[in-house]
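By convention in this document, chain letters (A, B, ...) are assigned in the order of the sequence lines, proteins followed by strands, and residues within each chain are numbered from 1.
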2 protein chains.
Amino acid sequence: MATSSSHSAVRRVAIFGGTHGNELSGVLLVKHWLKHGEEIARRSMEVRPFITNPKAVEKCVRYIDTDLNRVFDNQSLSGDQKGKVPYEIEQARKINSLFGPKGSKNGYDVILDLHNTTAHMGATLILENSRDDFTIQMCKYIQTSMAPESCAVLLIEHPGVKYATTRSIAKHPIGIEVGPQPQGVVRADILRTMKNVVNYALDFMQYFNEGTEFPPCSLEVYRVLEKIDYPRNESGDLGAIIHPSLQDQDWKPLNPGDPMFITMDGEVTCYEGENTVYPTFVNEAAYYEKNQAFAKTEKVTLMAQALRL
Amino acid sequence: MATSSSHSAVRRVAIFGGTHGNELSGVLLVKHWLKHGEEIARRSMEVRPFITNPKAVEKCVRYIDTDLNRVFDNQSLSGDQKGKVPYEIEQARKINSLFGPKGSKNGYDVILDLHNTTAHMGATLILENSRDDFTIQMCKYIQTSMAPESCAVLLIEHPGVKYATTRSIAKHPIGIEVGPQPQGVVRADILRTMKNVVNYALDFMQYFNEGTEFPPCSLEVYRVLEKIDYPRNESGDLGAIIHPSLQDQDWKPLNPGDPMFITMDGEVTCYEGENTVYPTFVNEAAYYEKNQAFAKTEKVTLMAQALRL
Ligand SMILES: [Zn+2]
Ligand SMILES: [Zn+2]
């Protein structure tokens, strides 16, 4: 019954830093690797570090004109926009021509896109496709290697929540999100975690290229269900903030009746759903403007076939 | 020997929020109190909440053109600058005319200026003058009321480190700095701490106005000695980051030989001073651009005379 999926060797891998210019772990690591490529070199493949939003990095802001990690859709990439093009759209087209084109045979095999969050998510791998056995096997390998440190896998396949990521131009995109770290700050502990995740990802690909066979595996992932916004007042300002009992509780069960928000007057809003969910991106700084206080997820187990060259 | 210092009643108090537009505890509290003044009302005095940098608050950035909390010097306030005036200088002049003028009899009695930091400083009171018995007594009262929660007092009197703060237009300026909280994030626990500090400050002034006598007191403060920058490379970029054993260790002793920084290659820089110091503002996001990785302080005990109306 169990079949094995055959897959061609990984030839080209990119490591993106600075997709958000104020998420400093990836910025510092990629800048370092641009000078010290030997640390990420693996003999069976090309590994290319790349700063994706240099102007945002220079100013230490998330973006200049628009969020680079939301504009890798066909319309933005196709270049038929009229008038002055936002900086990040220009940049997206350039990145697409260097590492894509998106959806083509010529795209890079794997892109590791490095991000930080202010949420207490620890090391997190972001998976875009539940049927991509290669990436599921890679997540499993990284997760196992990181233990006992936790390494959650977030699946953002849901059509209402999925977005056109920078890394989506690769055949196997994977986001690496590590927190908590404030914007504009670099913490040594978070940096080390991110570096470990990248190195385990590269090790996996090297072993695979060398002929290592990976047995069938199951992977527990948190599948995004829905974004939850803050309560807002008439003028759209925050009407309440994350309740202390939800703060820093990413990946922990939120049960019906549990508090989610609290107003300045102490009024509490509780979760009224029917099922236990697992919040993530709780109180992420960058998501206030995206009307997201946290994302609800459910636990799902994915299966991957055995993998070999 | 012990003398008592007589002081006139406190008539006008301002509470400033949003001096830095992305430090959200003060922004949210002041916006709330603008609608619910009863929460901060004390019958013996006027208490006026005020958003000092509304444009920066609107955009959720530290400042628009220049740091509002550095421009309350006589030159900036006097208005003889040529050409287009930066937004924050305009705003400083407006604030000075509403709550000052700086150094005059007409200035507000007390300004509480609300700030957040990404450093693990807990509740911190920032004192500008070691001979201001009234403010020392207020700090002592707040510190005692906050116990067992810690409430450090930072003295920024050193001429090389002192800066022209927004609150410096009051007779008794006091900064309230609470962390850790990322920029652009509001945490319920940090908000509650800040609210408590403000309320204890107002209680102190109300008791004082009612005739309560405060006995002579001593106050342990951390006096700023020097700013320490990150190691930098040729191009001015970060050459090293805060060492994990210094991260989150604000107010803890840094002894000769203790690690301060670590490079991407794992090289460690240690503290080579002769005396134990107490670091603060360790890894504050806003201070990367100010060339400050942390500030060195020493412990000093201040004495204040008894205080009565
Ligand atoms: Zn990001
Ligand atoms: Zn501030």
Visitor: Within 45 degrees of the axis of the six-membered ring of Y87(A) and under 6.0 Å from its centre: does K55(A) put its NZ or CZ there?
Guide: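 The answer is yes; both the distance and angle limits are met.
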Visitor: Judged by modelled atom types alone, do N199(B) and R42(B) share a side-chain donor-acceptor pair under 3.5 Å?
Guide: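 Judged by distance alone, the side chains do pair up.
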Visitor: Please check if any side-chain donor atom of E177(A) sits under 3.5 Å from a side-chain acceptor atom of H115(A), or the reverse.
Guide: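 H115(A) and E177(A) do not have a side-chain donor-acceptor pair below 3.5 Å.
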Visitor: How far apart are the closest heavy atoms of P182(A) and T118(B), and which atoms are they?
Guide: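 The pair with the smallest heavy-atom distance is CB-CG2, 3.9 Å.
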Visitor: Looking at K59(B), Q91(B), R62(B), E88(B), which one forms a side-chain hydrogen bond (donor to acceptor under 3.5 Å, both in side chains) with N53(B)?
Guide: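 Going through K59(B), Q91(B), R62(B), E88(B) one by one, the side-chain hydrogen bond (donor to acceptor under 3.5 Å, both in side chains) with N53(B) is satisfied by E88(B) alone.
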Visitor: Is it the case that T117(A) and E284(A) place a side-chain donor and acceptor less than 3.5 Å from each other?
Guide: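 There is such a pair (donor and acceptor under 3.5 Å, judged by atom type) between the side chains of T117(A) and E284(A).
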Visitor: Identify which part of D248(B) has an atom lying under 4.5 Å from any heavy atom of chain A, answering side chain, backbone, both or neither.
Guide: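 For D248(B), the contact with chain A is made by the side chain alone.
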Visitor: Under a 4.5 Å heavy-atom cut-off, does chain A meet the side chain of I241(B), its backbone, both or neither?
Guide: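 For I241(B), side-chain heavy atoms alone lie under 4.5 Å from chain A.
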Visitor: Select one option (side chain, backbone, both, neither) describing which atoms of E39(A) are under 4.5 Å from chain B's heavy atoms.
Guide: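 When you check distances to chain B, only side chain atoms of E39(A) fall under 4.5 Å.
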Visitor: If I measure from the heavy atoms of chain B, does D189(A) come under 4.5 Å with its side chain, its backbone, both, or neither?
Guide: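 Neither; nothing under 4.5 Å.
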Visitor: Assess, by modelled atom type and distance only, whether the side chains of N233(B) and S235(B) contain a donor and an acceptor separated by less than 3.5 Å.
Guide: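 N233(B) vs S235(B): donor-acceptor pair found between side chains.
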Visitor: What residues of residues 13-21 of chain B sit under 4.5 Å from chain A when you count only heavy atoms?
Guide: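 So far as heavy atoms go, nothing in residues 13-21 of chain B approaches chain A to under 4.5 Å.
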Visitor: In terms of heavy-atom pairs under 4.5 Å with chain A, which of R187(B), K195(B), Q183(B) leads?
Guide: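 Heavy-atom pairs under 4.5 Å are most numerous for R187(B).
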Visitor: Quick one: are the ring centres of Y230(B) and Y288(B) less than 6.0 Å apart?
Guide: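 Yes, the ring centres sit under 6.0 Å apart.
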Visitor: Does anything in residues 25-32 of chain B get under 4.5 Å of chain A by heavy atoms, and if so which residues?
Guide: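 Under the 4.5 Å heavy-atom cut-off, L28(B), L29(B), K31(B), H32(B) qualify.
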Visitor: Is it the case that the side chains of Q247(A) and N283(A) hold a donor-acceptor pair, with the cut-off being a distance below 3.5 Å and no angle test?
Guide: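 The criterion, which ignores hydrogens and geometry beyond distance, is satisfied for Q247(A) and N283(A).
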Visitor: Side chains of N291(B) and R232(B) only: does a donor on one sit below 3.5 Å from an acceptor on the other?
Guide: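 Their side chains do contain a donor-acceptor pair, which is all the 3.5 Å distance test asks for.
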Visitor: Does any donor atom in the side chain of T166(A) or N69(A) lie under 3.5 Å from an acceptor atom in the other side chain?
Guide: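 A pair is found: one side chain offers a donor N or O, the other an acceptor, under 3.5 Å apart.
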Visitor: With side-chain contact (heavy atoms from CB on, under 4.5 Å) as the criterion, how do L154(B) and T297(B) come out once you've worked through the C-alpha distance, each side chain's angles and the decisive distance to 0.1 Å?
Guide: CA-CA 8 Å; L154(B) 178 65; T297(B) 74; 3.8 Å; yes
